[in-house]
Amino acid sequence: MEPRTIGVVGAGQMGSGIEQVASQAGYRVILRDLEDGLVRKGIEGIARQLDRAVEKQKITPAEREQAVSRIEGTTSLEKLAAADFVVEAAPERLDIKLDVFAALDRLCPAETILATNTSSLPVTRIAAATGRPDRVIGMHFMNPVPVMKLVEVIRGLQTSDETRAAVFDLAERLGKTPVECRDFPGFVSNRVLMPMINEAVYCLQEGVATREAIDTVMKLGMNHPMGPLALADLIGLDTCLAILEVLHDGLGEDKYRPCPLLRKYVEAGWLGRKNGRGFYTY
Ligand code: CAA
C-alpha cells in the first residue's frame with residue numbers, strides 16, 4: 001500500500017528537509033518535535049524554503065500554500081499512530097533512537113514501516129528495540145535534503161524484502177535515488193566521507209594550510225561543490241564527531257580516530273552553521 005501520511009520524528013535540519021520534500025510530493029505530513037517552539041521553528045523554516053522556491057518561480061504560490069497546509073505540527077508522539085510510514089530524524093544518539101523506536105512500536109499499527117534517518121548507528125540494533133524488526137529500515141537522506149538526490153537505504157539483518165521495496169518506492173516518489181547498502185558502521189556515505197573531513201581537520205591542526213586553502217584545494221582540485229571544512233560546518237561538527245566515534249568504535253581502526261581539533265571545537269560549542277560558528281563564522 002502506498003503511504004498517504006508520513007510521520008516524521010524531529011523538525012531539525014534533517015527532519016524539516018524530509019518534511020518539506022514529503023509535503024511537496026503530495027503526502028500529508030505529521031511533524032513531531034519535543035516542544036511547541038521547535039515545532040513552530042520547523043514549520044517556519046519549511047515555509048521560508050518554499051517562499052524562496054516561489055520567488056525563483058520553481059513552484060506557484062498555490063503549490064506553496066498546499067504544501068504548508070499538508071503539514072500538521074505536534075509535540076505528541078501518539079499522533080504518529082495516524083501515519084502510514086514513519087521516518088525518525090531525532091538526534092544521533094543510540095539511547096534516544098532506541099526509546100523512540102520502542103515507543104513508536106507500541107503506538108503505531110503493526111503494518112507501519114518505521115525508518116530511521118540515522119547516519120551511522122546500527123539499524124539492526126534499532127530494529128531490535130521493536131517487535132517488528134522486519135519492518136524497520138535505514139532511510140538516510142543527505143543534507144540539504146531538498147537538494148541532494150541520494151537516499152542511502154540500509155537493511156538491518158531482519159529487514160524484509162517488502163520493506164526494502166516499499167522504501168525504494170517511497171524514495172522515488174520523493175524524487176530521490178535510493179541506493180542499498182548493508183548495516184555496517186557508517187554504511188557507505190559516511191565511511192568514505194568522514195575520513196576525508198577528519199583528514200582535512202588534521203591538515204588544519206598541523207598547519208599544513210589555512211582553512212580557506214584546504215577547502216580551495218578540494219573545490220578546485222577535485223571539483224567538490226564545497227570544501228571539506230565548509231561541508232563539516234554544514235553537517236554539524238558534533239554530528240561529524242559522533243559519526244567518527246561510531247566508525248572508530250565499530251571498525252576498531254586508528255584511521256577513524258577523530259582529530260583532537262574537531263573534538264576541541266565541539267567542546268567549545270562551535271558546532272558549525274547551525275549555531276553560527278564552526279571552522280568558519282556565519
Ligand atoms: N535547503 C534547501 N535548498 C538549498 C539549501 C538548503 N539548506 N542550500 C542550498 N539550497 C539550494 C539553493 O536554493 C539553490 O537552489 P536553485 O539551484 O534552485 O537556485 C541550490 O541549492 C544551489 O545553492 P547555492 O547556489 O546557494 O549554492 P551552491 O551552488 O554552492 O550549492 C550546496 C549549495 C547544494 C549545499 C552545494 O554546495 C553542495 O552540494 N554541497 C555539498 C553537500 C553535501 O555534500 N551534502 C552531503 C553531506 S553528508 C550528509 O548529509 C550525510 C551525513 O550523514 C552527514
Under the side-chain contact (heavy atoms from CB on, under 4.5 Å) rule, what do Ile113 and Val86 come out as? Steps first, then yes or no, please.
CA-CA 6 Å; Ile113 293 177; Val86 177; over 6 Å; no

Evaluate the criterion side-chain contact (heavy atoms from CB on, under 4.5 Å) for residue pair Gln24 and Gln66; output intermediate values, then yes/no.
CA-CA 8 Å; Gln24 284 192 271; Gln66 283 157 9; over 6 Å; no

Verify side-chain contact (heavy atoms from CB on, under 4.5 Å) between Val151 and Val179, making sure each step is shown before the conclusion.
CA-CA 6 Å; Val151 171; Val179 172; over 6 Å; no

Between Tyr282 and Asn275, is the side chain to side chain donor-acceptor pair (under 3.5 Å) condition met? List the steps.
CA-CA 8 Å; Tyr282 299 89; Asn275 71 347; over 6 Å; no

Could you walk me through whether Gln158 and Thr124 satisfy the side chain to side chain donor-acceptor pair (under 3.5 Å) test, starting with their C-alpha distance in whole Å, then the side-chain angles of each, then the deciding distance to 0.1 Å, before giving a yes or no?
CA-CA 7 Å; Gln158 302 182 72; Thr124 304; over 6 Å; no

Would you please test Glu72 and Lys79 for salt bridge (charged side-chain N to carboxylate O under 4.0 Å, His left out) and show each step?
CA-CA 10 Å; Glu72 177 196 349; Lys79 284 266 176 77; 3.7 Å; yes

Could you go through Phe85 and Met139, starting from their C-alpha distance and side-chain angles, then the distance that decides it, and tell me whether this counts as side-chain contact (heavy atoms from CB on, under 4.5 Å)?
CA-CA 12 Å; Phe85 191 107; Met139 193 175 185; 4.1 Å; yes

Given Arg173 and Glu2, is the salt bridge (charged side-chain N to carboxylate O under 4.0 Å, His left out) satisfied, shown in steps?
CA-CA 10 Å; Arg173 287 174 194 274; Glu2 193 209 331; 3.5 Å; yes

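Residues Leu251 and Leu121 do not share a hydrophobic cluster, defined by chaining ILVMFWY side chains whose heavy atoms lie under 4.5 Å apart. Hydrophobic clustering (ILVMFWY, side-chain heavy atoms < 4.5 Å, transitive): Val246 and Ile154 are in distinct clusters. Under the 4.5 Å side-chain heavy-atom criterion for grouping Ile, Leu, Val, Met, Phe, Trp and Tyr, Tyr256 is connected to Ile235 within one hydrophobic cluster. Cluster membership for Val153 and Val188, using ILVMFWY side-chain heavy atoms within less than 4.5 angstrom, is not shared. Tyr27 is connected to Val8 through a chain of hydrophobic side-chain contacts under 4.5 Å among Ile, Leu, Val, Met, Phe, Trp and Tyr, so both are in one cluster.
Remark: side-chain polar atoms of Asp183 are paired, donor with acceptor, to backbone N or O of Val123 under 3.5 angstrom. Side chain of Ser120 to main chain of Ile243: no donor-acceptor pair is present (N/O by atom type, distance under 3.5 Å, no hydrogens or angles). Checking side-chain atoms of Glu152 against main-chain N and O of Ser189 turns up a donor-acceptor pair under 3.5 Å. Side chain of Arg70 to main chain of Val29: no donor-acceptor pair is present (N/O by atom type, distance under 3.5 Å, no hydrogens or angles). For Lys56 (side chain) and Asp51 (main-chain N/O), no donor-acceptor pair under 3.5 Å exists by modelled atom type. A donor-acceptor pair under 3.5 Å is absent between the side-chain atoms of Glu206 and the main chain of Cys203, judged by distance alone. Under a 3.5 Å cut-off, the side chain of Glu88 and the backbone N or O of Ala90 do form a donor-acceptor pair. With hydrogens and angles disregarded, a donor-acceptor distance shorter than 3.5 Å links the side chain of Asp105 to the backbone of Gly131. No side-chain donor-acceptor contact under 3.5 Å links Thr112 to the backbone of Cys108. The closest donor-acceptor contact from the side chain of Thr163 to the backbone of Thr159 lies at 3.5 Å or more, if one exists at all.
Counting heavy atoms from C-beta outward, Arg125 and Leu98 have side chains that approach closer than 4.5 Å. Side-chain contact check for Asp238 versus Leu241: every heavy-atom pair is 4.5 Å or farther apart. Here the side chains of Ser76 and Arg32 are not in contact, with every heavy-atom distance at 4.5 Å or above. Proximity of Ile59 to Leu50: side-chain heavy atoms (C-beta onward) are separated by under 4.5 Å at one or more points. Contact of the Ile71 side chain with the Ile46 side chain is registered, since non-hydrogen atoms from C-beta on lie closer than 4.5 Å. Between His140 and Asn190 the shortest side-chain heavy-atom distance falls below 4.5 Å. No side-chain heavy atom of Pro195 sits under 4.5 Å from any side-chain heavy atom of Lys255. Contact check for Leu34 versus Thr75: no side-chain heavy atoms found under the 4.5 Å cut-off.
Distance check, rounded to the nearest 0.5 Å: CG of Leu204 to CD of Glu212 gives 9.5 Å. Note that CD1 of Ile43 is 11.5 Å distant from CG of Leu38, once rounded to the nearest 0.5 Å. With values rounded to the nearest 0.5 angstrom, Cys240 atom SG is found 11.5 Å from Glu245 atom CD. The distance from atom CE of Met142 to atom CG of Leu150, rounded to the nearest 0.5 Å, is 4.5 Å. How far CG of Leu174 is from CD1 of Ile6: 5.5 Å, rounded to the nearest 0.5 Å. In this structure, the separation between CZ on Arg52 and CD on Gln49 is 5.0 Å, given to the nearest 0.5 Å.
For the residue pair Ala230 and Tyr280, the shortest heavy atom distance occurs at N-CE1, 3.9 Å. Taking all atoms of both residues into account, the shortest heavy-atom contact from Thr118 to Glu92 is OG1-OE2, 2.9 Å. In plain terms, the two heavy atoms of Cys181 and Phe187 that are nearest each other are SG-CB, 3.7 Å. In this structure, Pro146 and Val21 approach most closely via the heavy-atom pair CA-CG1, 3.8 Å. When all heavy atoms of Asn117 and Ile18 are compared, the closest pair comes out as CG-CD1, 4.1 Å. Across all non-hydrogen atoms, the minimal contact from Pro185 to Arg191 is O-CD, 4.1 Å.
Relative to the ring axis of Tyr265, Arg263 does not place its NZ or CZ within 45° and under 6.0 Å from the centre.
For Lys219, the NZ atom sits in a loose shell: 12 or fewer heavy atoms of surrounding residues, nucleotides or ligands are nearer than 6.0 Å.
When the options Leu231, Asp233, Asp215 are evaluated for a side chain to side chain contact (heavy atoms under 4.5 Å, CB included) with Met226, the one that passes is Leu231.
Ion pairing of Arg132 with Glu111 is absent here, as no side-chain N (NZ or NE/NH1/NH2) approaches a carboxylate O to less than 4.0 Å. Residues Arg155 and Asp161 are paired through a salt bridge, judged by an N-O separation under 4.0 Å between the basic side chain and the carboxylate.
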